[in-house]
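So that the names make sense, note that chain A is the first sequence line, chain B the second, and so on, each numbered from 1.
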Amino acid sequence: MRIATFNVNGITSRLPALLQWLDETGPDVVCLQELKAPQEKFPEPAINAAGYQAIWHGQKSWNGVAILARGQLPIETGRGLPGDPDDAQSRYIEAVVDGVLVAGLYLPNGNPAPGPKFDYKLKWFERLITHAAELIDSGADTVLAGDFNVMPTELDVYKPERWVDDALFRPEVRAAFHRLLAQGWCDALRTMHPDETIYTFWDYFRNAYGRNAGLRIDHLLLSPGLAPALKAAEVDRDVRGREKPSDHAPVWIELDLEGRP
DNA sequence: ATGACACGGCTTCCGTGA
């Protein structure tokens with residue numbers, strides 16, 4: 001089973017690039033972030049025509065997340081991260097596909113830090129940690145996939161010293177990510193590439209992609225029971241170099257679920 | 001310290017992103 005995550009930076013603008021990538025790589029499950037489209041503007045017919053069914057949580061202009069499954073409808077288990085009924089931002093959606101619980105998330109950016117946006121990021125992160133602990137305790141085979149807006153270590157930033165005060169790299173944010181991992185989650189991409197410089201995002205500015213001035217902020221985390229099934233984890237880096245690209249590249253994992261109950 | 005690029009929208013600029 002191949003599960004991918006892709007921050008598309010606008011589903012409407014990115015639709016041709018998304019459809020091309022789906023056609024070329026055919027992942028079984030895809031988590032999308034930054035739809036930047038209201039619920040009624042999600043291009044469901046085009047997604048269906050590509051062989052996928054989808055659930056999504058839209059929002060006008062900002063945020064928005066979706067889960068696509070090839071040839072079947074994801075069975076939704078939740079939308080909106082638990083812990084704050086007043087949170088109106090569409091950043092979390094959760095579903096079961098072929099017995100695997102998939103949580104698609106778009107963690108807040110948090111800049112500028114300090115400030116109210118950074119406070120919201122930290123609070124959102126705490127809610128995620130709380131909910132992730134419940135998912136671990138449930139024993140379900142789970143993948144947390146999405147744009148976490150966190151570079152976990154210095155290996156994940158092209159120039160760490162320039163990012164120490166940024167909301168994506170501040171110590172408290174990295175600490176939160178490591179507290180999350182400490183629950184037992186496996187960082188799939190880093191596990192398969194322990195020492196490699198490997199990025200998932202390149203700024204549109206200053207020829208960042210050409211200079212490989214990137215960040216690793218899109219992650220797939222596996223629950224303890226799923227970690228032994230991990231066979232591959234890669235970034236479809238070339239997608240970032242195409243016409244009208246997102247600033248993120250798709251990231252995917254391959255799980256060998258054969259012989260599982 | 002600033003701004004570069006791209007997105008959506010109440011579009012001819014603004015707020016936001018990372």
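Listed nucleotides dA18(B), dT16(B), dG9(B) differ in distance to K117(A); the shortest reach to its side chain belongs to dT16(B). Which of dG3(B), dA18(B), dC7(B) sits closest to the side chain of K36(A) comes down to dC7(B).
Taking 4.0 angstrom as the limit, K41(A) places none of its side-chain polar atoms (N or O) nearer than this to OP1 or OP2 of dG8(B). For R14(A) and dA6(B), the shortest distance from a side-chain N or O to OP1 or OP2 is not below 4.0 Å. Note on Y209(A): every side-chain N or O is 4.0 Å or more away from OP1 and OP2 of dA4(B). A sub-4.0 Å separation between OP1 or OP2 of dA18(B) and a side-chain N or O of N111(A) is absent. In this structure, N109(A) does not reach the dG17(B) phosphate: none of its side-chain N or O atoms is under 4.0 Å from OP1 or OP2. The side chain of S13(A) places an N or O atom within less than 4.0 Å of a non-bridging phosphate oxygen (OP1 or OP2) of dG8(B). For dT16(B), the OP1/OP2 oxygens have no side-chain nitrogen or oxygen of N63(A) closer than 4.0 Å.
Look at CZ on R162(A): it is 12 Å from C1' on dA1(B), rounded to the nearest Å. D247(A) places its CG atom 14 Å from the C1' atom of dG8(B), with the value rounded to the nearest Å. What separates CG of D166(A) from P of dA1(B) is a distance of 14 Å, to the nearest Å. Taking atom NZ of residue K244(A) and atom C1' of nucleotide dC7(B), one finds them 9 Å apart after rounding to whole Å. In this structure, R206(A) places its CZ atom 12 Å from C1' of dA1(B), rounding to the nearest Å.
Ring pair W202(A)/Y209(A): centre-to-centre distance below 6.0 Å.
A salt bridge does not link D247(A) to R240(A): none of the charged side-chain nitrogens sits closer than 4.0 Å to a carboxylate oxygen. Salt-bridge check for K231(A) with E254(A): failed, with every basic side-chain N at 4.0 Å or more from each acidic carboxylate O. Taking 4.0 Å as the cut-off between side-chain N and carboxylate O, D28(A) and R70(A) count as a salt-bridged pair.
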Original post:
Could you walk me through whether D156(A) and Y199(A) pass the side-chain hydrogen bond (donor to acceptor under 3.5 Å, both in side chains) check?
Top reply: CA-CA 7 Å; D156(A) 303 312; Y199(A) 301 136; over 6 Å; no
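Spacing between dA18(B) and dG3(B) at atom C1', rounded to whole Å, works out to 14 Å. Rounded to whole Å, the P atom of dC14(B) lies 14 Å from the corresponding atom of dA4(B). Rounded to whole Å, the C1' atom of dC10(B) lies 13 Å from the corresponding atom of dG15(B). Atom P of dA6(B) sits at a distance of 23 Å from the matching atom of dT2(B), rounded to the whole Å.
Not a single donor-acceptor pair, N or O on each side, falls under 3.5 Å between the base of dA6(B) and the side chain of N9(A).
Judged by closest nucleotide on DNA chain B, T12(A) is the one of N7(A) and T12(A) placed further toward the 5' end. Ranked by how close their nearest DNA chain B nucleotide is to the 5' end, D147(A) and Y204(A) are led by Y204(A).
Checking T142(A), V100(A), I253(A) one by one against L226(A), the side chain to side chain contact (heavy atoms under 4.5 Å, CB included) holds for a single residue, V100(A).
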